[in-house]
Amino acid sequence: MTGSSRRSARSRVKSSSDGDEPSSRRTKPDIRPRRDRGRDHNSIRIFNVDLKLMLGLSIIAFFVVLFFIHGLIKPSEEFQRPRVVTPFPAPKVTDLPQFQGEHKESLYWGTYRPHVYLGVRTRTPRSLVAGLMWIGIKDGRYFMRHVCQDSDELSKYGWTHHNGRDFGQQAIVDQGMSLTTSFLKSKQEGSGYGGDWAVRIDVQGEKAMQDEEPRSSGHLFFYLADEGGSALSLSRDTLDIHHNSLLTSGSRMDVGSWQLHLKSLDDLEVHYSGFRTPHIHNLSDLVQQNLATQARKFGRLELSDTFDGSPNIAVFQVSARIPFKLDFAFVSGDVSENSRIEDHISSLTGISLTSQLKEKQREFDTMFEKNFNVDNKLDLESIVVGKTAIGNMLGGIGYFYGQSKISFPRNSNVGSHDNFISYWPAELYTAVPSRPFFPRGFLWDEGFHQLLIWRWDFRISMDIIGHWLDLMNIDGWIPREQILGAEALSKVPEEFVTQHPTNGNPPTLFLVLHDMIQSLKKNKFNSVESTEIISFLKRAFVRLEAWFRWFNTSQSGKERSSYYWHGRDNLTNRELNPKTLSSGFDDYPRASHPTEDERHLDLRCWMLLAADCLHSITELFEKKNEAGKEYGTTAKLLSDFEILNQMHFDDTYGAYFDFGYHTEKVHLSWKEIKAGNNHASRELVREVLEDPELRLVPHIGYVSLFPFMRRTIPPESWILGKQLDIISNRSILWTDFGIRSLSRTSSLYMKRNTEHDPPYWRGPIWMNMNYMILSALDYYSKEDGPFKNRARTIYKDLRGNLIRNVVRNYHQTGFLWEQYDQKNGKGKGARLFTGWTSLVLLIMAEDYAGS
């Protein structure tokens with residue numbers, strides 16, 4: 001899905017508790033200037049030297065000395081680090097005044113840990129971190145729930161409401177137990193930076209099966225940890241919360257003194273344990289080890305009521321008969337005034353919290369209707385799914401900090417086997433595609449995410465886009481998969497961590513920026529909002545230009561106005577069709593033999609979008625300089641219909657294709673491979689039965705529709721009619737559940753790419769591309785031309801099919817899915833895929849990018 005190896009590694013995602021943080025050693029190349037080791041001090045030879053030569057050597061010596069002095073006093077950045085890990089030399093977008101002050105403080109605390117079922121942290125490195133665990137029961141066995149994992153087989157989980165700022169509500173169903181988790185932030189007089197917050201956990205019993213009794217008791221574990229290592233204060237008084245609600249306390253530079261309290265009207269049993277550890281991504285292992293020791297010694301499933309010296313993690317076990325309800329309140333600032341603290345705790349618990357949560361839910365519903373206006377378009381079941389889509393998208397926003405690993409081959413003579421170098425330490429505030437499978441940032445996903453988020457809260461959206469642009473290096477490259485910090489690294493197999501600076505990813509951020517600019521031109525923002533957006537675009541423009549230049553140089557093809565995705569393996573004998581991971585379409589069929597002669601249609605269209613967006617920004621600023629003209633000229637060239645057709649159109653098929661060295665006579669066959677000790681194994685190996693030739697690559701699918709999706713085809717052209725034929729033909733792309741990714745007529749339709757890689761973009765239905773197809777159909781249905789009415793008919797049918805199928809799947813399974821089966825419409829791939837599948841809400845709202 002994301003133009004990265006994450007899809008190939010889907011079945012190999014590591015457990016969150018696998019190992020410690022990998023080493024991020026940085027071995028610097030030898031950059032010291034070589035000193036003259038063979039210098040001769042014989043004075044007689046010096047006097048015999050020609051004066052002109054002597055003068056020349058003196059000048060050289062002078063500059064050499066200056067060089068050494070300059071190097072010792074003020075080392076040059078170019079000599080300190082390679083270009084690939086040198087930040088882009090411009091003011092950071094996120095340093096804009098509009099992202100400071102009240103805006104920054106209002107977003108300080110949040111549910112920014114999407115990889116756990118419930119997690120709270122700040123948008124800062126080495127944060128205070130809170131989270132929830134509980135014991136689940138399946139087939140009579142106990143299991144610890146903490147990190148979102150598909151193997152937990154929860155019936156349902158996800159945010160039903162979330163406003164991205166100070167409120168969220170999540171429903172979780174685990175066998176015979178259901179949990180409703182609510183999050184609320186509050187800024188009161190005397191509160192520390194970022195304010196206070198509360199978490200409510202409401203536990204109810206549910207029958208897992210018709211003849212099964214609901215759970216009689218529940219065991220929850222709520223923890224608070226200091227990533228910076230500061231010690232937390234614990235007390236045995238925490239065991240009787242009805243007399244003393246204080247659980248733990250401490251102090252930090254950012255929020256001042258703080259306290260965590262527990263309030264409940266139910267009969268609870270509380271135990272605790274304190275740990276000292278430099279990382280928390282395997283915290284559930286520590287808790288389980290503690291419980292196991294207690295169970296062996298005393299036969300009880302209880303924490304030990306002990307803590308390590310100066311613990312930086314405090315875990316509290318709360319056991320009670322179901323149903324029960326817990327309120328955790330975090331208060332900060334000046335905690336010396338008991339009356340003020342009690343007032344704050346009271347406002348964040350009990351009846352007051354209930355009232356505030358209800359009010360926030362009403363505000364969410366009002367904002368949902370205002371922003372998406374779907375009440376008159378949809379039934380109640382569909383509206384529930386729409387709210388879940390935006391709630392999960394906003395609830396899935398995370399904060400990460402760390403260093404990416406960048407491919408950087410070493411000199412084999414220096415004795416180092418490292419093949420990477422560390423990027424500079426950086427932060428990323430971003431939405432994520434899937435909490436259990438892909439809880440980290442992916443570049444090409446993020447543009448689609450922001451199409452939804454900016455319509456809800458454009459300031460959050462600009463903040464996220466700014467964080468991504470600030471990850472740009474001096475060459476204009478942005479690493480496409482962000483695996484930052486120990487927790488993120490713990491979810492990714494080591495072999496898929498390294499990013500390659502020669503490879504790109506679809507620049508979909510231009511999609512949302514272009515959309516914002518169109519809305520600016522239509523006066524959809526007030527004057528204050530417009531000023532903020534323009535200020536943002538002015539600061540971001542130099543980085544957007546650099547990003548465009550990087551693509552325009554590093555991914556350009558041999559022919560003028562042609563491009564191809566770099567990074568395909570031209571030596572593989574295992575892949576049926578070498579993957580194009582950087583395109584985002586992983587195993588979508590391209591030329592069978594990758595070469596520099598390739599022309600990739602989708603990348604050409606992404607470049608058209610980028611040039612058009614940059615041109616629109618220059619128009620917005622009324623820049624009549626050469627840059628503005630250049631982007632306008634580039635956009636005009638890339639949208640030239642005749643050139644496009646010469647390079648990519650096939651009259652026989654009436655379709656657009658990639659171009660390259662290709663043959664259809666390729667297949668996988670079993671071969672016996674001899675190994676040591678006379679052992680043999682069988683492997684699927686690629687066989688090529690005829691020589692490839694330069695030609696159009698005859699595979700109809702999503703890539704073929706890019707000129708249509710980018711609206712490059714004139715409304716009156718017969719070629720538009722052919723695209724509508726292709727889209728609506730059941731033998732090609734049309735299904736009752738959406739447009740499939742690859743035609744049934746393709747020789748690679750639903751074919752495995754290797755022994756271990758099932759078909760991915762070779763048939764299943766993907767929501768991001770269906771959204772773009774619908775957007776184009778909507779556009780052509782409003783443009784005068786012979787195909788206007790037909791485009792409207794296809795649009796209505798496709799929109800209805802997509803909505804019905806997603807809504808049906810959600811109510812049957814409890815989840816939005818990564819993709820949908822083209823034969824029966826069932827959800828496939830990652831479940832709880834709250835990334836671009838959430839675009840179904842914009843489809844419900846009939847709100848399309850650029851319209």
How long is the straight-line distance from [atom2] of [Y] back to [atom1] of [X], given to the nearest 0.5 Å?
X: Asn392; Y: Leu841; atom1: CG; atom2: CG; result: 12.0 Å
X: Asn805; Y: Asp736; atom1: CG; atom2: CG; result: 9.5 Å
X: Ser352; Y: Ile345; atom1: OG; atom2: CD1; result: 12.5 Å

Carboxylate-amine/guanidinium contact [X] [Y], below 4.0 Å:
X: Arg145; Y: Asp174; answer: yes
X: Asp152; Y: Lys138; answer: no
X: Glu818; Y: Lys828; answer: no
X: Asp365; Y: Lys387; answer: yes
X: Asp327; Y: Arg200; answer: yes
X: Asp196; Y: Lys185; answer: no
X: Arg321; Y: Asp267; answer: no
X: Arg752; Y: Asp757; answer: no
X: Glu755; Y: Arg574; answer: no
X: Lys405; Y: Glu494; answer: yes

Within the structure provided, determine whether [X] and [Y] are in side-chain contact (heavy-atom separation under 4.5 Å).
X: Arg440; Y: Val492; answer: yes
X: Arg121; Y: Leu128; answer: no
X: Phe316; Y: His271; answer: no
X: Trp197; Y: Val120; answer: yes
X: Ile313; Y: Thr277; answer: yes
X: Leu184; Y: Asp166; answer: no

Check the angle between the aromatic planes of [X] and [Y] and answer parallel, tilted or perpendicular using the 30° and 60° thresholds.
X: Phe167; Y: His161; answer: tilted
X: Trp836; Y: Phe833; answer: tilted
X: Phe222; Y: Phe328; answer: parallel
X: His146; Y: Tyr223; answer: perpendicular
X: His279; Y: His281; answer: tilted

ask   = Between Trp817 and Tyr810, does the ring centre distance come in under 6.0 Å?
value =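 Ring centroids of Trp817 and Tyr810 are no less than 6.0 Å from each other.
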inquiry  = Would you say the ring centers of Trp766 and Tyr760 fall short of 6.0 Å from each other?
reply    =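 Judged by ring-centre distance (under 6.0 Å), Trp766 and Tyr760 do meet the cut-off.
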task = Carefully, step by step, assess Ser382 and Asp379 under the rule side-chain hydrogen bond (donor to acceptor under 3.5 Å, both in side chains).
result = CA-CA 5 Å; Ser382 298; Asp379 57 25; 2.8 Å; yes
task = Would you sort out whether Ser178 and Gln204 count as a side-chain hydrogen bond (donor to acceptor under 3.5 Å, both in side chains), showing the intermediate values?
result = CA-CA 5 Å; Ser178 71; Gln204 299 290 327; over 6 Å; no
task = Report, as yes or no, whether the 6.0 Å neighbourhood of atom CZ on Arg126 holds more than 12 heavy atoms from other residues, nucleotides or ligands.
result =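 Counting neighbours around CZ of Arg126, 12 or fewer heavy atoms of other residues, nucleotides or ligands fall under 6.0 Å, so no.
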task = State whether the number of non-hydrogen atoms from other residues, nucleotides or ligands found under 6.0 Å of Arg141 atom CZ is greater than 12.
result =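 Counting other residues, nucleotides and ligands, CZ of Arg141 stays at 12 neighbours or fewer.
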ask   = What's the verdict on side-chain hydrogen bond (donor to acceptor under 3.5 Å, both in side chains) for Glu381 and His811, showing C-alpha distance, side-chain angles and the deciding distance?
value = CA-CA 8 Å; Glu381 283 193 339; His811 287 289; 4.6 Å; no
request  = Just do the side-chain hydrogen bond (donor to acceptor under 3.5 Å, both in side chains) check on Thr430 and Glu446 with the steps written out, would you?
outcome  = CA-CA 8 Å; Thr430 183; Glu446 201 55 34; 3.0 Å; yes
query = salt bridge (charged side-chain N to carboxylate O under 4.0 Å, His left out) between Lys325 and Asp266: does it pass, once the steps are laid out?
reply = CA-CA 7 Å; Lys325 188 184 298 182; Asp266 296 300; over 6 Å; no
task = Determine, for Trp670 and Arg682, whether the Lys NZ or Arg CZ falls below 6.0 Å from the six-membered ring centre while staying within 45 degrees of the axis.
result = yes
inquiry  = Check whether Tyr429 forms a cation-pi arrangement with Arg123 (NZ or CZ under 6.0 Å from the six-membered ring centre, at most 45° off the ring normal).
reply    =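 So Arg123 does make the cation-pi contact.
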